[in-house]
Amino acid sequence: MGLRNRRRAMNRPAEDRRPLKRAQSLTVRFSRTPFRGRLSSARPFMAGLGLAALLIVPVASPAPARADISVRASVNPPRARVGEALALIIDINGAQNVTAPALGAIDGFDIQYVGPSTQISIVNGQMNASIQHRYSLLPMRAGHFTLGPFAIDYQGKQYQTAALGVDIVAAGQAPAQAPQGGAAPAQVQAGAQGAAAGGALRLTLSAPKQEVYLHERVPVDLILYVGPIRVADIQYPTLPADGLSLDKFPEPSQQQQVIDGETFQVVHFQTTVIPLRSGSLTLGPAALRLNVLNRRRTQGLNDQFFDDFFGTERRPIDLRSDPLVLNVLPLPDVGKPAGFSGAVGTFTMQVSAAPTELNAGDPITVHIALTGSGNLAEAGAPELTSVDGFRTYEAHAGKSESGGTTVNKTFEQVLIPNDASVRTIAPVRFSYFDPQARRYQTVQSQPIALVVRAPKNAPHAEIVAGGAPVLHTDPAEKLGRDIVYIKDDPGSLRRRALPWYGSLAFLLWQPIPLLLFGAAVWYDQRRQRLSGDVRYARFTRAGKEARRGLSTAEQALSEGDRPRFYDALSRTMQTYLSAKLDLPPGRIDLVTVGTRGLPSDCAQRIAEFLTTCEQVRFAPSAGDGDMRGTLALAQDVIKRLERERRLAPRSLPLASSVRHGSPLPSQGEGQGEGV
Amino acid sequence: MIAAYATAPGRRATLPLLALLLSMSYAGAAHAADAPPSPQTTFFHANALYKDAQYAAAAQEYEQVVQSGLESGNLYFNLGNAYFKAGEKGKAILNYERARRFMPRDPDVAANLAYAQSLTGADACAPALWQRLAFPLAHRVATGGLVWLTSAAYTLLLVSLTGYRLWPRRPRWLAYTLTGLTLFVVVASSSLADQLLGAVARHQAVVITSGDTPARFEPAASGTVHFALKEGTLVRVLDTRPGWLQIARCDGLRGWVSGEALADLRP
């Protein structure tokens, strides 16, 4: 048995220390933690054999008898230094589907679950399954601790491990040898050691007082104690503050401190909170994350050199403090001064003015500086007790600065003396609530002496009348002259390059109303012409009416009604041609059509149509005369004439027309007899 | 800044993340400090400087805002005030004139401009009576507002004309409305034209040198002095020569002035 196996055997409880039956047993162990997963059997071929056996077992071997499981806990090593990780193993024998027990918080340790590791062993044909749940324990302080007993629930039953004793020594000391015989019996030592009672890591949250006033700036101390362990990566703490205004954490201070003989590194975060409402407000608990540095232990080589060589591992730790409850009192109404504007704390006021020698009408800037500890965020400008003789402007609040509990706030008040009679600037008064004295206080500055001269080159109205003495108007009536004060806001700052009225959208909009108006004029003119000019109206509407007539003719054609077809077609063409050619309906013939100046092909098509109609009319027995061809001819004529947009010249007198051939029947003549 | 601290005898543990966090916060602050302030911030800072009687510094910061390409009436007004307090009355009048383009009816601008002109003796160049009557809006409404008014009235007029044309009844009240709108469009558009031709199309400048600036008959230092220009006088630039500008005063007198003595009304 090697050194490693000997050590394992030593760390196992006595009842578990038995020699392995190499020839008669087969053990296969699986770990679910990837970084630690391994086959723990001594030889690879044995592992392969075990896997083969696993495949065979369900067939060749009887199912394992359902029996109670056994649970056992062990810790390795049972003695360690503060900051050195321990392995807590809960071994469940007889089942594998047992979930990891929740161990909860263990006093003096930070605990993390590592993962499970399963194992199947076959001894003399009997299969046994087991699971190990591993935990990593980080001792936070020295002492003797009892771990457990730990309870495991399995199929409705509860099993319990035995308690384990662990000895933790300070970081600088060497851990004592474990006594032969395994873990010590359970023994709890309450209290631990001195300042280390809180452990090697501790986070405390405190305030100098817990009864505070509304809007009072309250200092808050958040202190991290780091005992004899190594830490790194300390992050800024988080601090819930409902109903409180929490300042940012500034850079923490750091110092070394010896408490009860032990050395601690103390990291001190200081900030302030301001209660925003009265009542009981809870601050915290504060949370802070850091990493504890653990030496990565080398198995089997208990040597400092190898431990350092193999480096350290970082274990994140979340520290939490206890919450802090503040009882916030409202500001009393009794004794509240009229000029109180919300300042809470203790303050002093410095008032200065410049220039103090000036001409009437020149501005004086009064600088008011408030300094102290407390909250000036709500404070308005202190008031001048009197502004008689001055023109005043609104006080301008300067930059407010705070460093810890000390705050400064400045104000500037511009005054312009109206005349030379002004001698002083009245005292400035400032009221605040002092939470220490629990009452309102008022501070008042001294008056500031001024030397105000009459304005230079002041125009004096002089009235000269007949050698009479010069009369000066009442100086009290003189008004100072100066420029008007600057504007407080920049107004609508805009780019100089492109004014808004140079934008494309604006320029594109401009012709739209004009186009709209032009369209309205065109529409109105057309409407008026249609209602007043009969020729134009007939000409314009002829096409629409002709299409309607052609539709009727098409319908008659589809029904095979020859008389109705020719009647509709003839009537449509007469109406259409008379409107288009400005001819009376009864005057549509080859001669008159030829005089209307139509294109020759169009006139030819019209003549063709008229001839066809003549033939149908005077030779009704000549068959249906290709009704479709006649319809197409009429459609073609209408289509050609519709392209003609010009109104035809006025018709010639009927007497001047010379008839060649028979005219088409007039509208009245054509009715009832067909074409 | 925390760098490292000892935890146990002979051992040191570092706080690298804390140091990193702190250094990052400082780096962020430094970055924020390097970023140029916004024009608004510069404006307010200039206001604070002005209130602290640091007029020259305030004027410099207002000028920074102007040089960033932004402008407003309040900005030019405050810049004029800063120059006035710093003793540069010519530049003060120049910027009051610029502010007047944005805020023609602002009484503060008018008061400060008149006061500054009274101190330097510069001619106010008030428009003639016929100009005030013919173009009543030109000196009361800023260019942007006048463009908006004219465009809105023109649109309303044409929409009303369209309705009037299409409405068969053509009511009398609509005819009155059309008449009023037409008159307003004429007044607004003529005022706009006068403003654009006068203040925008014309090249105007202001004398910024203190004292009397000679206007000569020829563009040379040896030229005979024709007349003198007071500090803050608004002139019209007619011609340019290297280093010299031919200007016309309000009363029509013309002369050549050194280019260094004038500042363009358009920044």
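Note on naming: letters A, B, ... go to the chains in the order of the sequence lines (proteins, then strands), and numbering restarts at 1 for each one.
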Treating B:Thr120 as the side-chain partner and B:Lys230 as the backbone partner, does any N or O pair qualify as donor plus acceptor under 3.5 Å? no

Using non-hydrogen atoms only, which part of B:Val109 is less than 4.5 Å away from chain A: side chain, backbone, both, or neither?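 For B:Val109, neither part sits under 4.5 Å from chain A.
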
Is it the backbone or the side chain of B:Ser68 that comes under 4.5 Å from a heavy atom of chain A, or both, or neither?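 For B:Ser68, backbone heavy atoms alone lie under 4.5 Å from chain A.
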
How about residues 79-92 of chain B versus chain A: which residues have heavy atoms under 4.5 Å apart?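 So the qualifying residues are B:Asn81, B:Phe84, B:Lys85.
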
So that I can tick it off, tell me whether B:Asp108 and A:Lys487 are bridged by a salt bridge, with the cut-off set at under 4.0 angstrom between side-chain N and carboxylate O.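 Between B:Asp108 and A:Lys487 there is a salt bridge, with a charged N closer than 4.0 Å to a carboxylate O.
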
Carboxylate-amine/guanidinium proximity below 4.0 Å for A:Asp488 and B:Lys51: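 Yes, A:Asp488 and B:Lys51 are salt-bridged.
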
Below 30° counts as parallel, above 60° as perpendicular, anything between as tilted: where do the rings of B:Tyr50 and B:Tyr55 land?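 If you compare the ring of B:Tyr50 with that of B:Tyr55, the planes turn out perpendicular.
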
Parallel, tilted or perpendicular for B:Tyr76 and B:Phe102, by the 30°/60° rule?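 Taking B:Phe102 first and then B:Tyr76, their aromatic rings sit tilted (interplane angle of 30° to 60°).
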
Do you know which of A:Ala519, A:Ala354, A:Ala520, A:Gly518 has the most heavy-atom pairs under 4.5 Å to chain B? A:Ala520

Given the options A:Asp482, A:Asn291, A:Leu290, A:Ile512, which has more heavy-atom pairs under 4.5 Å with chain B than any of the others? A:Asp482

Residue part contacting chain B, namely of A:Pro511, when any heavy atom lies under 4.5 Å: backbone

At a heavy-atom separation under 4.5 Å, does A:Leu514 approach chain B through its side chain, its backbone, both, or neither?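 Contact with chain B: backbone and side chain both.
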
Going by atom types only, do A:Trp509 and B:Ser151 share a side-chain donor-acceptor pair under 3.5 Å?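 There is no such pair between these side chains.
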
Within the 3.5 Å criterion, strictly below it, is a donor on B:Gln195 or B:Thr143 matched to an acceptor on the partner's side chain?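 Distance-only check passes for B:Gln195 and B:Thr143.
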
Hey, which of B:Leu156, B:Leu75, B:Asn47 has the most heavy atom pairs under 4.5 Å with chain A? B:Asn47

Using a cut-off of under 4.5 Å for heavy-atom pairs, which of B:Ala114, B:Ala46, B:Ser72 has the most such pairs with chain A?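 Ranked by heavy-atom pairs under 4.5 Å with chain A, first place is B:Ser72.
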
Rounded to the nearest 0.5 Å, what separation is found between the [atom1] atom of [X] and the [atom2] atom of [Y]?
X	Y	atom1	atom2	answer
A:Asp524	B:Arg165	CG	CZ	4.5 Å
B:Thr162	B:Leu158	OG1	CG	6.5 Å
B:Leu234	B:Tyr96	CG	OH	16.0 Å

